[in-house]
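Please read the structure below before turning to the comments.
Order of the sequence lines sets the chain letters (A, B, ...), proteins ahead of strands, with each chain counted from 1.
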Amino acid sequence: MKVRTRFAPSPTGYMHIGNLRTALYEYLIAKAQGGDFLLRIEDTDQKRYVEGATDIIYNTLKMVGMNWDEGPDIGGDFGPYVQSERKDLYAPYAHKLVELGGAHYCFCAEREKEVDEDGNEIICKFEDPCKKIPLEEARARIAAGEPYVIRQTINQTGKSKYEDKVYGIIEIDYDELDEGVLLKTDGFPTYNFANVIDDHLMGITHVVRGSEYLPSTPKYNLMYDTFGWERPIYVHLPPVMKDAQHKLSKRNGDASFQDLLAKGYLPEAIINYIALLGWNPGTEEEIFSIKDLEKIFSVERLNKSPAIFDIVKLTWMNGVYIRNLSGEEFYRLAEPYLADMPANVDKRALAAVLQPRVETLGQIKEQTDFIKELPDYAVDLYVNKKMKTDIEVAKAVLPEIKEVLFKQSEWNNDALFAALKSLAETKGLKNGQILYPARIALSGKETTPGGATELAVVLGKEESLNRIEQAIVKLG
RNA sequence: GGUCCCAUCGUCUAAUGGUUAGGACAUCACCCUUUCACGGUGGUAAUAUGGGUUCGAAUCCCGUUGGGAUCACCA
């Protein structure tokens, strides 16, 4: 049978990393088996709907290369793919479930949380008195216009049992299961119910979701069983953590996919990194494109313990992706970050020195700030023991450097380096005694992307000579 | 609180009864070098804990501890 998985986000306007990873695994489980990956929007909670949120979902999935085979925008044989458009479809199934004995009509007021004297929430199992109302009486009250919900009926005793692909056999006592609402007063289904109906109707073979659903899965199974439907294969995923105690969440202000993009992380690197948060290929390789992952992914290698999201390792991996880019591709990506560079700056040369030195595109700004404007630096920057330079050396050498550069007609790194190197030789100095002061004069910074001659190329001849002259004046 | 789940270097993880417990990030040292990076070499660093089972346990069982989840007309 063809594998079918689904990503079913609710449109809340925020694609967080845990969610993205769930989508990735759903996608990979399908694709590794030549199956279909579908997109379904779960918007049954009208209060939480956020305008434009579905576009964020579409754009994110497209950007990382997770193409869906069926979805709200492209359709498919099992639509509609937006739950609010499926609204009328659920109620008949709910009433059917009542007939089959798997649910009942309930007229209770909405449950309120009880609090004890210390302000702690009292947790107790809900015993629904409406369960005892004869079906005919309940139907009469509904006919009379009384508001009602449909609630799941759980009469089973003993242990429920199912197998999860990552956690193994899960056994839970039926007694622990809450008789939750399936169809709300407003006629909308709850997640619990809509999920079962939609997954069945859409032919979903593998239900992939967070491990928080592990304890409520027996309730879904009961519904599948009562309807006489085949239970899906379950794949529950451990959470992605911010630290040992907290899940990554919107509330904590943790990075979303969008935030990472804005900081200059590449979609390919993000996908590669999160794929490895809870899954490993069993080899020592760790750089994978999504196409690679489609070939090698297997559910068996999914991990069951939570994983902490480590931005440091993601940053490293992003650096790997940046370095693997061709010079042309990197230039294209870096260009927007170089928009405010002065016109005389050789942006291509600059991009070339930047590429091995940045791990995120966002780091370009701090690396290039000295180009726009020479910082007002302290003269003791010219002192460097290892390079055997100090203020006196700089004072002596800078006019000579200016002279050499002034005469230089070929303005590229090799030519400049050769020229300054021969200056050092004729003066009987070490290379560093020429190059270090030159670099400081050109940049006004202790560390720079590239050496003296590389910076001279980036700045151009005129600006380079100008800065060296300023240094000579500064040193008096 | 009841129930369910989890537990290997700081972090992500490998090792499905027999390894000097492996790799990657981070960290430290050294090399390369025109500063800083990149690259290269090497080092520090882990089986939470107590009992079993076994010739042999990170691995299987039980307890303890620590953490997480769940118990909504939210998904």
Side-chain angles (χ1 to χ4, degrees), chain A residues 8-10 12 42-45 47-48 83 106 108-113 120-126 147 149-151 164 167-168 170-173 175-178 180-186 188-192 194-195 209-218 236 238-239 241 243-247 273 276-287 300 303-317 319 323 353-359 367 381 384 386-387 413 417 420-421 431-432 434-436 438-440 443 445-455:
Chain A
S10 54
T12 57
E42 305 214 335
D43 59 348
T44 56
D45 184 5
K47 293 175 211 124
R48 292 213 308 189
Q83 275 186 341
C106 169
C108 297
E110 202 167 323
R111 259 226 277 175
E112 281 178 32
K113 287 187 179 167
N120 295 319
E121 198 178 313
I122 296 171
I123 309 284
C124 57
K125 200 183 169 228
F126 178 60
V149 300
I150 293 181
R151 213 176 253 287
D164 180 81
Y167 287 94
I170 304 290
E171 280 186 84
I172 292 173
D173 211 297
D175 206 41
E176 292 294 326
L177 271 26
D178 208 54
V181 170
L182 267 21
L183 201 71
K184 302 186 245 183
T185 313
D186 63 6
F188 273 83
T190 59
Y191 165 85
N192 295 322
N195 228 259
R209 46 152 72 134
S211 63
E212 65 268 26
Y213 296 104
L214 232 26
S216 52
T217 296
H236 286 94
M241 311 291 283
D243 55 48
Q245 276 75 35
H246 307 279
K247 243 170 109 161
Y273 176 70
L276 263 21
L277 266 188
W279 176 85
N280 75 83
T283 66
E284 286 179 356
E285 273 179 82
E286 49 185 1
I287 302 298
E300 289 69 33
N303 221 298
K304 49 185 166 184
S305 46
I308 298 173
F309 178 83
D310 181 10
I311 189 82
V312 175
K313 183 150 187 177
L314 200 214
T315 305
W316 163 79
M317 192 172 276
R323 276 173 256 129
V353 298
L354 249 18
Q355 190 171 355
R357 289 180 175 81
V358 295
E359 291 190 304
Q367 289 257 17
L381 263 192
N384 185 297
K386 198 181 157 204
M387 293 294 120
N413 190 51
F417 187 65
L420 291 180
K421 199 177 166 185
N431 290 347
I434 298 291
L435 293 163
Y436 194 89
R439 208 189 99 248
I440 299 300
S443 68
K445 282 182 84 176
E446 191 175 2
T447 65
T448 52
T453 58
E454 283 162 317
L455 296 188

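Base pairing analysis places B:rG39 opposite B:rC31; the two distances defining the Watson-Crick or G-U wobble pair are each below 3.5 Å. Nucleotide B:rC73 has no partner under the Watson-Crick or G-U criteria, as no pair reaches both atom distances under 3.5 Å. In this structure B:rU19 sits in no base pair that meets the Watson-Crick or G-U test at under 3.5 Å. In a base pair of the Watson-Crick type (N1 to N3 plus N6-O4 or O6-N4) or a G-U wobble (N1-O2 and O6-N3), with each distance short of 3.5 Å, B:rC4 is matched with B:rG68. Using the Watson-Crick or G-U wobble rule with both distances under 3.5 Å, B:rC25 pairs with B:rG10. Of the nucleotides present, B:rC62 is the one that pairs with B:rG50 by Watson-Crick or G-U wobble criteria, both distances under 3.5 Å.
For the P atoms, the distance from B:rC6 to B:rC38 is 39 Å, rounded to whole Å. Comparing B:rG63 with B:rC12, their P atoms are spaced 27 Å from each other, to the whole Å. On the C1' atoms, B:rC60 is 8 Å away from B:rU53, given to the nearest whole Å. Nucleotides B:rG42 and B:rU47, compared at atom C1', are 25 Å apart to the nearest Å. Using P as the reference atom, B:rU11 and B:rU16 are 23 Å apart when rounded to the nearest Å. Comparing B:rG22 with B:rC31, their P atoms are spaced 27 Å from each other, to the whole Å. Comparing the C1' positions of B:rU20 and B:rA46 gives an interatomic distance of 15 Å, to the nearest angstrom. Comparing the same atom, C1', in B:rC9 and in B:rC5 gives a spacing of 24 Å after rounding to whole Å.
Going from atom NE2 of A:His236 over to atom C1' of B:rU70 covers 12 Å, rounded to whole Å. Straight-line distance from the CE atom of A:Met317 to the P atom of B:rA26: 11 Å, rounded to whole Å. In this structure, A:Ile150 atom CD1 and B:rA72 atom P are separated by 20 Å, rounded to whole Å. Whole-Å rounding puts the A:Glu359 CD to B:rA24 C1' distance at 14 Å. In this structure, the NZ atom of A:Lys184 is 6 Å from the C1' atom of B:rC73, given to the nearest Å. Rounded to an integer number of Å, the gap from A:Glu212 CD to B:rG67 P is 20 Å. Whole-Å rounding puts the A:Glu110 CD to B:rC73 C1' distance at 5 Å. Distance, A:Gln355 CD to B:rA37 P: 18 Å, rounded to whole Å.
Environment of CD in A:Glu212: crowded, with over 12 heavy atoms of neighbouring residues, nucleotides or ligands closer than 6.0 Å.
Contact of A:Tyr213 with B:rA75 (side chain to base): a donor-acceptor pair of N or O atoms is detected under 3.5 Å. Residue-to-nucleotide contacts include a donor-acceptor pair under 3.5 Å from the side chain of A:Arg357 to the base of B:rC36. Looking at A:Thr185, its side chain comes within 3.5 Å of the base of B:rC73 through a donor and an acceptor atom. A donor-acceptor contact under 3.5 Å links the side chain of A:Arg439 to the base of B:rU35.
We find the NZ-CD1 distance between A:Lys313 and A:Ile308 to be 14.0 Å, quoted to the nearest 0.5 Å. How far CG of A:Leu214 is from CG of A:Asp164: 5.5 Å, rounded to the nearest 0.5 Å.
Taking the 5.5 Å centre cut-off and the 30° plane limit, the aromatic side chain of A:Phe417 is classed as stacked on B:rU34.
As judged by a 4.0 angstrom heavy-atom cut-off over every strand, A:Ala452 is placed among the base-contacting residues. When heavy atoms are screened at a 4.0 angstrom cut-off, A:Asp164 is found touching no nucleic acid atom at all. Contact annotation for A:Cys106: no contact, since no heavy-atom pair falls under 4.0 Å across all strands. Using a 4.0 Å heavy-atom criterion, one finds that A:Val149 contacts the bases of the nucleic acid, with or without backbone contacts as well. Note on A:Lys386: a base of the nucleic acid sits closer than 4.0 angstrom, heavy atoms only.
Remark: A:Glu359 engages A:Thr315, A:Trp316, A:Arg323, A:Gln363 in a side chain to side chain contact (heavy atoms under 4.5 Å, CB included) (not counting sequence neighbours). Every residue meeting the side chain to side chain contact (heavy atoms under 4.5 Å, CB included) condition with A:Phe417, not counting sequence neighbours, appears here in chain and number order: A:Lys421, A:Leu435, A:Thr453.
The backbone N or O of A:Phe188 sits less than 3.5 Å from a side-chain atom of A:Asp186, completing a donor-acceptor pair. Counting only distance, with no hydrogens or angles, the side chain of A:Gln367 and the backbone of A:Arg357 share a donor-acceptor pair below 3.5 Å. At least one donor-acceptor pair closer than 3.5 Å links the side chain of A:Ser443 to the backbone N or O of A:Lys445. A donor-acceptor contact shorter than 3.5 Å is absent between the side chain of A:Tyr213 and the backbone of A:His236.
Nearest nucleotide to the side chain of A:Leu214, out of B:rC5, B:rC25, B:rU34: B:rC5. The side chain of A:Val181 has B:rC73 as its nearest neighbour among B:rA75, B:rU70, B:rC73. Among the nucleotides B:rU70, B:rA26, B:rC73, the one closest to the side chain of A:Arg151 is B:rC73. For A:Pro356, whose side chain is taken as the heavy atoms from C-beta onward, the closest listed nucleotide among B:rU35, B:rA37, B:rU3 is B:rA37. Here the side chain of A:Ile170 is nearest to one of B:rU34, B:rG67, B:rC4, namely B:rC4. The side chain of A:Ile172 lies closest to B:rU3 when the candidates are B:rG68, B:rU35, B:rU3.
Residues A:Thr217 and A:Arg209 bring a donor and an acceptor atom of their side chains to less than 3.5 Å of each other.
Minimum interatomic distance between A:Asp243 and A:Met241 (heavy atoms only, all atoms of both residues): O-CB, 3.2 Å.
The nearest heavy atom of RNA chain B to A:Ala8 and to A:Arg323 marks one nucleotide each, and the one closer to the 5' end goes with A:Arg323. Between A:Gln245 and A:Pro9, the residue anchored nearer the 5' end of RNA chain B, judged by the nucleotide with its closest heavy atom, is A:Gln245.
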With the criterion being N/O to N/O and under 3.5 Å, what pairs connect the protein with nucleotides 6-16 of chain B, and how long is each?
| residue | atom | partner | partner atom | Å |
| --- | --- | --- | --- | --- |
| B:rC6 | OP1 | A:Lys304 | NZ | 3.3 |
| B:rC12 | OP1 | A:Ile308 | N | 3.0 |
| B:rC12 | O2' | A:Leu276 | O | 3.0 |
| B:rU13 | OP1 | A:Gly278 | N | 2.7 |
| B:rU13 | O3' | A:Asn280 | ND2 | 3.0 |
| B:rA14 | OP1 | A:Asn280 | ND2 | 2.4 |
| B:rA14 | OP2 | A:Asn303 | ND2 | 3.4 |
| B:rA14 | O3' | A:Arg301 | NH2 | 3.4 |
| B:rA15 | OP1 | A:Arg301 | NH2 | 3.3 |

